[in-house]
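Every chain is numbered from 1, with letters handed out A, B, ... down the list of sequences.
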Number of protein chains: 2
Amino acid sequence: MLTERQEQILRALVEEYIVHADPVGSRTVSKREDIGFSAATIRNEMADLEEMGFLEQPHTSAGRMPSQSGYRYYVDYLMGPQRIDRSELLAVRRLFASQMDALEQTIQQTVSILSRITNYTSILLGPELYDNKLKHLQVVPLTDRVAVSLIVTDTGHVDQRRIRVPEGVSLSSVEQMVNLLNTKLSGIPLHRLKGRVYRELYSELSRHVEHYESLLSMIDQILVDDLDGRLFFSGTTNILTQPEFRDVEKVKALMDLFEQSDAVARLFTTDHDMGIQVKIGQENHLEAVNNCSIVSASFSLNGRSLGRIGVLGPTRMNYRKVVSLLEVLVEDFSEYLRRRYG
Amino acid sequence: MLTERQEQILRALVEEYIVHADPVGSRTVSKREDIGFSAATIRNEMADLEEMGFLEQPHTSAGRMPSQSGYRYYVDYLMGPQRIDRSELLAVRRLFASQMDALEQTIQQTVSILSRITNYTSILLGPELYDNKLKHLQVVPLTDRVAVSLIVTDTGHVDQRRIRVPEGVSLSSVEQMVNLLNTKLSGIPLHRLKGRVYRELYSELSRHVEHYESLLSMIDQILVDDLDGRLFFSGTTNILTQPEFRDVEKVKALMDLFEQSDAVARLFTTDHDMGIQVKIGQENHLEAVNNCSIVSASFSLNGRSLGRIGVLGPTRMNYRKVVSLLEVLVEDFSEYLRRRYG
DNA sequence: TTTAGCACTCAGGGCTTAGGAGTGCTAACA
DNA sequence: TGTTAGCACTCCTAAGCCCTGAGTGCTAAA
């Protein structure tokens, strides 16, 4: 599609623009070590690249900057891998070497390290509880009418909710029920629990426990199905140092977006679940991130995706570094999960 | 200290400035309904008020704006109460009428309603677990070496942590210990638990349970003492619509502050624990909130303060409305707590 | 095919000017 | 003696203008 020279020029221009955030002129490109042509030649090629839609000019006498397609082409064909700094690599390794922290804590630290190294905002979605298996179920009565239910999963996640105790249900029958559920449901993935109860335990409950209809309503409260992944953020203010966010309006739009979990989660959805995904600018179909890009990757356990981790920065982001870093990070994170839960 | 006329003028000027965010001129003040003097007279008084330090001028030919002391005087002596909108009052009442939500959920909704009505940022600190009483303790083993500990309090709060199971400790002895702790410690405030264990249960443990030294180390992990209050935020981006936050630098400073829990918590500390507290500008002793004010109030249960809820806005905030609203809100919230836990 | 040369374009900074809001002072008035 | 009208003065702001420099596109020569 592009000649080799055009690719050289496009790559040089993108990388120059990523660093300096100013439109790049032909002279600047021609002075780079990897370019061996005069400014005039570059100008010709740049005019062609602009016609093809890879470059844009903010106004006639300014240099060029990459268009969305320009970034796309750069990411898909030109950028290649980048070696990660030794010290940064070390920080990642050290994080996943620790054993004792709760999963949530490790996740928070992972997100945090990612935002610190990249200087962008980093977001983690998940891990979903969907697949987690029931380890232990407990109901703690607070008053006659109110209790707290606890579900501990095999990954150590605790789901807690406040539930209403139906009229006429005795403490001992609740206990009986909980015991039954624990013996029958232990090891079952959370998303199957409800089905199991109705298919297999219904008759047993009705035989062994009095007031079983009321108890079923309690079970309904305990086993609700919002098993969605949680969101973890770090470095939400990093992006404020970027020159494209001088305008408070844009800052507000983005910060508001961050508070809408579902919208953020949607930014991560993808068809091809595995591997690194780069969504550039308007590919995200969301006003607030029109001039942002999102690089994200799935982490998985036993071949099944658990969630996604990603970096959000301006479209003028250092894709090369972010993608390479994310590759390493996700691999190490998945390895860590395997070691702990696999 | 001030003549009545000076107070009239100061009040008018503060209220005018709060609405329009522009320095207020003598003409504007003299045109208000509650002022019956000519602009020239106002000018004389304003010059005096400036000399006394209650007003400032950004430059010679601009109007005046309140200084920090000006706001202080206004808040302390001039503003008076304000009737809360019927619809807003209703929203508050409706919130606290609901019964079933978990405390955390109610708290989040309270903060949210406060930020929506005021259009500033609202923050809640606490409630501290300090005083909560132990309802139920549970240890769920995940693997041989790792377990999850759960503490349910009488308010329905669940404290969970991942703990390490010492070598050589059997499942049954853990169970024994948990049972013992539950019978002996139920109803004891959390901050007393550790003392109790060492003073009264030590000998009993050593008699009944094998490996009791290892078990004690487990207990130490379970009963850690970070019972600090959590922070809840809402409307963090509201403040971005204020003209004093046009500058992204200031936005960043504030957002960064929000991520430092301890610094935020310190903003709420106070000597006189009860009642409404207004901290204006530099009274907060923190660069990032130099041009912000914080109005906060304690909520309490059985005469004991549980935490504080507050509003953060620009120094040019609508103190009258915020203070009045907070009075109502805190009273209703405390009443709600009493009904539920009192 | 590449490059040097040259005329042209246009944003941004600096400077000037006009307008207007608001002041302080003075003198007249009740 | 306190209050008010009048007036000269200050100084910010926005608008207009010019100039500069970076960068371009085109043309002609190498």
Distance test, side-chain N/O of B:Ser38 to OP1/OP2 of D:dT3, below 4.0 Å: no
Check against side-chain hydrogen bond (donor to acceptor under 3.5 Å, both in side chains), B:Glu244 and B:Thr315: CA-CA 9 Å; B:Glu244 27 275 272; B:Thr315 42; 5.3 Å; no
Residue pair A:Arg116 / A:Ser112, side-chain donor-acceptor N/O under 3.5 Å: yes
For the student: nearest non-hydrogen atoms of A:Leu267 and A:Lys279, plus distance: O-NZ, 4.0 Å
Euclidean distance, atom CZ of residue B:Phe37 to atom P of D:dT3 [Å, nearest integer]: 7 Å
Under 3.5 Å: donor-acceptor pair, side chain of B:Asn318, backbone of B:Lys321: yes
Side chains of B:Gln242 and B:Tyr120, donor plus acceptor under 3.5 Å: no
Separation of atom CD1 in B:Ile9 from atom C1' in D:dT3, rounded to whole Å: 12 Å
Check: A:Thr121 side chain, A:Gly235 main-chain N or O, donor-acceptor pair, under 3.5 Å: yes
Tabulate protein N/O versus nucleotide N/O from nucleotides 27-30 of chain C, keeping only pairs under 3.5 Å, one per line.
none

Per-nucleotide protein contact string for nucleotides 23-30 of chain D (B base, S sugar-phosphate only, - none; heavy atom under 4.0 Å): SBB-----
Polar contact flag, side-chain donor to acceptor under 3.5 angstrom, B:Tyr71-B:Ser293: no
Separation of C:dT2 P from A:Ile35 CD1 (nearest whole Å): 13 Å
Separation of C:dT2 C1' from A:Arg5 CZ (nearest whole Å): 8 Å
Pairs meeting criterion side-chain hydrogen bond (donor to acceptor under 3.5 Å, both in side chains) with involvement of residues 37-49 of chain A, two or more places apart: A:Arg5-A:Glu45, A:Gln6-A:Glu45, A:Ser26-A:Arg43, A:Ser38-A:Thr41
